[in-house]
Amino acid sequence: MEFVQPLLEWYDRNKRELPWRGEKDPYRIWVSEIMLQQTRVEAVKDYYGRWMSRFPSLPDLAAAPEEEVLRYWQGLGYYSRARNLWQGVREVAASYGGKVPDSEAAVRALPGIGEYTAGAILSIAYDRPVPAVDGNVVRVYSRLFCLAGESETALKRKIAALVAGHLPQERPGDYNQALMDLGATLCIPGKPRCDECPVRDFCRSFARGTQQEFPPKKKKSTVKTVELVAAVIERHGAFLLQRRPAQGLLAGMWEFPTVEIETGGDAAAVESAVGTRTGQQVRLGPKLMDLVHIFSHRRWEIAVHHSTMTVPGDLPPEPETRWVNRKEFPQLVFAGPHRKIAKTVAAQELPDGAVRGKL
DNA sequence: AACTCGGGGAT
DNA sequence: ATCCCAGAGTT
C-alpha cells in the first residue's frame, strides 16, 4: 500500500521517545504492553521505571511474591493485569526455560495476552509480521478507509486483516508503532490534526471531510451510584482492616471496614452492619471525610467515620481481618479510595500515650 | 455481544 | 459531564 512508506518515514522523524522504545527484550516489551492496556502513556512511564528497577528481567519477576508485585502496580488499575503478567512470567520460566516464546499460539495462550498484545510483542520484540490493532489503529484505519463495521469486533477484525496485508516484512514492529503514534499524536479523537498528517493524501475520510464520523461512537454504559460507609476503627495505634473478596472489583485488596447503605440509612443500621462485618460492636463517631470515587461503570460515595468499639470481640475468619499499625501501611495494597483514607489517618501522628477518638 | 475490571487526563 | 486510553477475560 502506498501510504506505508510515507508513514514509516514520518515515524522515523517524529516518533515519541518512550522508556520502552528501542527495547528488544521481549519481557520488557511484554511489561510495557500490559501496563499500556487501556492506560495512557503518561500514566505508565513512572510505573514502568519503578517496575524495571525492581524487576529488571523475567526471572526477577518470576521469583517475586505476588504481594510485592501488586504493590508495584498499586494505583495503575485493572489489577488482574498484574496477576496475569506475574502468572504468565512464571509459566514462561517454568515451561519455556525463561525465554518468551515467539509463536503466536504460545504467546496468545499466556494469561493476560490477547490478540493485540500478542501482535505487539511478536512484531516489536521478534520482528514478526503480526498486526497489533489497538484503539489508535482502529481510529486511523477507520478514517483512512471510512470503515464503520457492523460491530466493534467486526470492525476490528476487518482492520486487522487490512493491516496484515500492509505490514512491511522488514519492520513490522515499527509499522504497528507508527500507526499507534499517529493515532496518539495527530489522528486523535475529536479534532484530528490532518494538516500535519503524513498520509492525508491517502485518507478517504479527509477527502470527504468526514473524519469526525470515524470511528463510530460506542454506546455509553450506565454508571451506578453506590453509597457506602467506611469505619476507621483504631485501638492502641492500630487500625482494623479487611481484605476484599478474591474475585471481583479490587480483588484481594485491603480496606477499612465498609458497608453498603440505602440512601438515608440510619446510624443504628449502619452500626449493626459494620458490627456484623467485623465481629465487633461498633459505634459510629465523627465523620472524617466524604470521598467520591468513580470507576468506569460505578460510582462510590463513601462517608468515612471515625468509629469506636463498644465491646471488643473476636475477629471474623471471613472476610480476613487484621489490626494493622500505621507503620505497616506501606506493606499493604489498599483498595482504591481506601489508599487515601490510609494516607490521611497515617499522617495524623500522635505522641505516645495520646488517645484518639474521644468525643 | 455484552459485562466486568481502575484510574485519570483531555475536552 | 463525556470520552477514551498501546484490552483481556468471563458470561
Side-chain angles (χ1 to χ4, degrees), chain A residues 15-16 18-21 23 29-48 70 73-85 87-88 107-125 131-140 149-157 160 163 173-185 187-192 212 215-224 244-245 247-253 291-300 333-340:
Chain A
K15 66 184 171 195
R16 295 172 289 175
L18 305 172
W20 47 89
R21 190 141 275 173
E23 193 63 65
I29 299 297
W30 184 1
V31 172
S32 73
E33 293 301 340
I34 300 299
M35 285 188 171
L36 286 162
Q37 287 170 6
Q38 292 294 288
T39 309
R40 309 218 172 239
V41 163
E42 285 310 313
V44 168
K45 283 181 178 171
D46 288 346
Y47 282 89
Y48 183 80
L70 283 171
W73 203 273
Q74 188 171 198
L76 244 195
Y78 287 152
Y79 299 93
S80 64
R81 292 185 296 176
R83 298 181 213 269
N84 285 335
L85 172 58
Q87 288 290 1
V107 171
R108 201 40 248 279
L110 293 167
I113 298 186
E115 202 160 326
Y116 161 77
T117 305
I121 294 173
L122 291 171
S123 67
I124 298 171
V133 180
D134 73 335
N136 291 305
V137 181
V138 168
R139 188 166 52 253
V140 169
E150 309 72 42
S151 68
E152 283 184 54
T153 38
L155 176 60
K156 201 170 218 173
R157 198 163 49 237
V163 173
D174 283 348
Y175 186 70
N176 282 331
Q177 293 181 90
L179 289 173
M180 293 190 268
D181 268 28
L182 185 67
T185 61
C187 195
I188 53 181
K191 205 173 171 55
Q212 313 273 10
K217 306 236 179 287
K218 43 189 90 171
K219 39 183 164 291
K220 49 177 175 257
S221 55
T222 59
V223 177
K224 190 172 69 177
R244 292 178 59 80
Q247 308 292 329
L249 190 63
L250 302 169
M253 301 174 80
L291 282 178
V292 177
H293 195 78
I294 298 167
F295 302 92
S296 314
H297 56 292
R298 205 156 317 187
R299 174 188 171 92
W300 279 0
V333 182
F334 280 98
H338 291 267
R339 255 198 312 285
K340 184 168 183 177

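Computed from a predicted model, the values in this text were never measured in an experiment. Sequence lines set the chain letters: A, B, ... in the order given, protein chains first and strands last, and positions in each chain run from 1.
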Checklist entry - If we take the P atom in both dA8(C) and dG8(B), what is their distance in whole Å? => result 22 Å

Checklist entry - Going 5' to 3' along DNA chain C, which nucleotides are the first and last within contact of chain A (any atom under 4.0 Å from a heavy atom)? => result dC3(C) to dG9(C)

Item to check | Residue list, ring pair (Phe, Tyr, Trp, His ring centres under 6.0 Å) with Tyr78(A), at least two apart or on another chain | outcome: none

Checklist entry - What is the per-nucleotide protein-contact pattern of nucleotides 6-11 of chain B, from the 5' end, where B denotes a base atom under 4.0 Å from a protein heavy atom, S denotes such proximity for sugar-phosphate atoms only, and - denotes neither? => result BBBB--

Checklist entry - Contact class for Thr117(A) vs. all strands (heavy atom < 4.0 Å): base, sugar-phosphate, or nothing? => result sugar-phosphate

Checklist entry - Can you name the residues that form a side-chain hydrogen bond (donor to acceptor under 3.5 Å, both in side chains) with Thr222(A), not counting sequence neighbours? => result none

Next on the checklist: Among residues at least two apart in sequence or on other chains, which ones pass ring pair (Phe, Tyr, Trp, His ring centres under 6.0 Å) with Tyr47(A)?
Outcome noted: none

Item to check | Listed partners of Arg81(A) passing salt bridge (charged side-chain N to carboxylate O under 4.0 Å, His left out), at least two apart | outcome: none

Checklist entry - With a non-hydrogen cut-off below 4.0 angstrom, is Arg16(A) in contact with a base, only sugar-phosphate, or nothing? => result base

Item to check | Carboxylate-amine/guanidinium contact Asp181(A) Arg16(A), below 4.0 Å | outcome: yes

Checklist entry - Just checking Trp20(A): base, sugar-phosphate only, or nothing, at a heavy-atom cut-off of under 4.0 Å? => result base

Next on the checklist: Under 4.0 Å, counting only non-hydrogen atoms across every strand here, what does Lys156(A) touch: a base, just sugar-phosphate, or nothing?
Outcome noted: nothing

Item to check | Any residue meeting side-chain hydrogen bond (donor to acceptor under 3.5 Å, both in side chains) with Asp134(A), in chain and number order, not counting sequence neighbours | outcome: Asn136(A)

Checklist entry - Do other residues, nucleotides or ligands put more than 12 heavy atoms under 6.0 Å from Lys340(A) NZ? => result no

Checklist entry - For atom C1', what is the distance between dC5(B) and dC4(C), given to the nearest Å? => result 15 Å

Checklist entry - With sugar-phosphate meaning primed atoms plus P, OP1 and OP2, does Ile124(A) contact a base, only sugar-phosphate, or nothing at under 4.0 Å between heavy atoms? => result nothing

Checklist outcome for this item: The answer to which of Leu110(A) and Lys218(A) contacts DNA chain C further toward the 5' end, by nearest nucleotide, is Lys218(A)

Next on the checklist: Is Lys219(A) close enough to dA2(B) that one of its side-chain N or O atoms is under 4.0 Å from OP1 or OP2 there?
Outcome noted: yes

Checklist entry - For Gln74(A), what residues pass the side-chain hydrogen bond (donor to acceptor under 3.5 Å, both in side chains) criterion, not counting sequence neighbours? => result none

Next on the checklist: Taking the C1' atom in each of dC3(C) and dG6(B), what is the distance between them to the nearest angstrom?
Outcome noted: 16 Å

Checklist entry - With sequence neighbours left out, what residues match Arg299(A) under salt bridge (charged side-chain N to carboxylate O under 4.0 Å, His left out)? => result Glu301(A)

Next on the checklist: What contact category does Ser221(A) fall into here, base, sugar-phosphate, or nothing, at under 4.0 angstrom with non-hydrogen atoms?
Outcome noted: nothing

